[in-house]
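Accompanying notes for the structure given below.
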Amino acid sequence: QVQLVESGGGLVQAGGSLRLSCAASGRTFSNYAMGWFRQAPGKEREFVAAINWSGGSTYYADSVKGRFTISRDNAKNTVYLQMNSLKPEDTAVYYCAARTRTVYSSNPGGYDYWGQGTQVTVSS
């Protein structure tokens with residue numbers, strides 16, 4: 001069993017930055033690919049970014065490419081999402097997810113564990 005706890009969300013003005021963190025329990029964190037997803041009111045959950053087990057490979061949604069960076073620290077059992085140049089359309093609840101495989105996926109159904117989410121609100 002893996003527990004994921006997100007933090008770092010909040011209210012920020014357009015053009016600003018936030019860094020989300022996701023702390024994972026369990027000794028096998030370094031074996032898991034990790035992903036970030038988001039869900040805005042009235043919309044489906046959508047893929048944001050993913051990282052493989054070692055951090056050597058990452059993948060981004062087109063909407064955030066060049067603005068967001070996913071990274072991980074396996075020694076700290078933590079994955080991060082650095083969000084720069086934020087836009088009002090980035091407003092959503094952001095979820096961290098763990099996949100019990102070493103390679104990532106952009107499909108929410110490919111993840112086995114989810115955090116509770118953290119709210120990100122970008123004002124115009």
Sorted by chain and number, sequence neighbours left out, salt bridge (Lys or Arg N to Asp or Glu O under 4.0 Å) with K65 holds for D62
Supply the atom-to-atom distance [X] [atom1] to [Y] [atom2], rounded to the nearest 0.5 angstrom.
| X | Y | atom1 | atom2 | value |
| --- | --- | --- | --- | --- |
| T78 | L20 | OG1 | CG | 12.5 Å |
| Q116 | L4 | CD | CG | 9.0 Å |
| R19 | N84 | CZ | CG | 11.5 Å |
| S123 | Q13 | OG | CD | 5.0 Å |

Between [X] and [Y], which heavy-atom pair has the shortest distance, and what is it?
| X | Y | result |
| --- | --- | --- |
| R99 | G110 | NH1-O, 3.0 Å |
| K87 | V122 | O-CB, 3.3 Å |
| S54 | N74 | CA-ND2, 4.5 Å |
| S124 | A14 | CA-CB, 4.4 Å |
| M34 | C96 | CE-SG, 3.6 Å |
| D90 | Y94 | O-OH, 2.6 Å |

Check: [Y] and [X] side chains under 4.5 Å, non-hydrogen atoms:
| X | Y | result |
| --- | --- | --- |
| Y113 | T100 | yes |
| M83 | R67 | no |
| R38 | S63 | yes |
| T69 | Y60 | yes |

Are [X] and [Y] joined in one hydrophobic group, where the rule is that I, L, V, M, F, W and Y side chains link up if heavy atoms are under 4.5 Å apart?
| X | Y | result |
| --- | --- | --- |
| Y111 | L81 | no |
| W36 | Y80 | no |
| W53 | V79 | no |
| L18 | F68 | yes |
| Y104 | V48 | no |

Residues passing the ring-ring contact (aromatic ring centres under 6.0 Å, His included) test with W114, sequence neighbours excluded, are F37
N77 (side chain) donor-acceptor with F29 (main chain) under 3.5 angstrom:
no
field: Donor-acceptor contact below 3.5 Å, side chain Q39 vs main chain A92
entry: no
Heavy-atom neighbours of Q119 CD exceed 12 at 6.0 Å: yes
- Message: Tell me whether the count of non-hydrogen atoms from other residues, nucleotides or ligands lying under 6.0 Å of OH in Y59 goes above 12.
- Response: no
Residue pairs meeting salt bridge (Lys or Arg N to Asp or Glu O under 4.0 Å), one or both in residues 105-114, sequence neighbours left out, come to none
Looking at Y32, I'd like to know if the NZ or CZ of R72 sits under 6.0 Å from its six-membered ring centre while staying within 45 degrees of the ring's axis. no
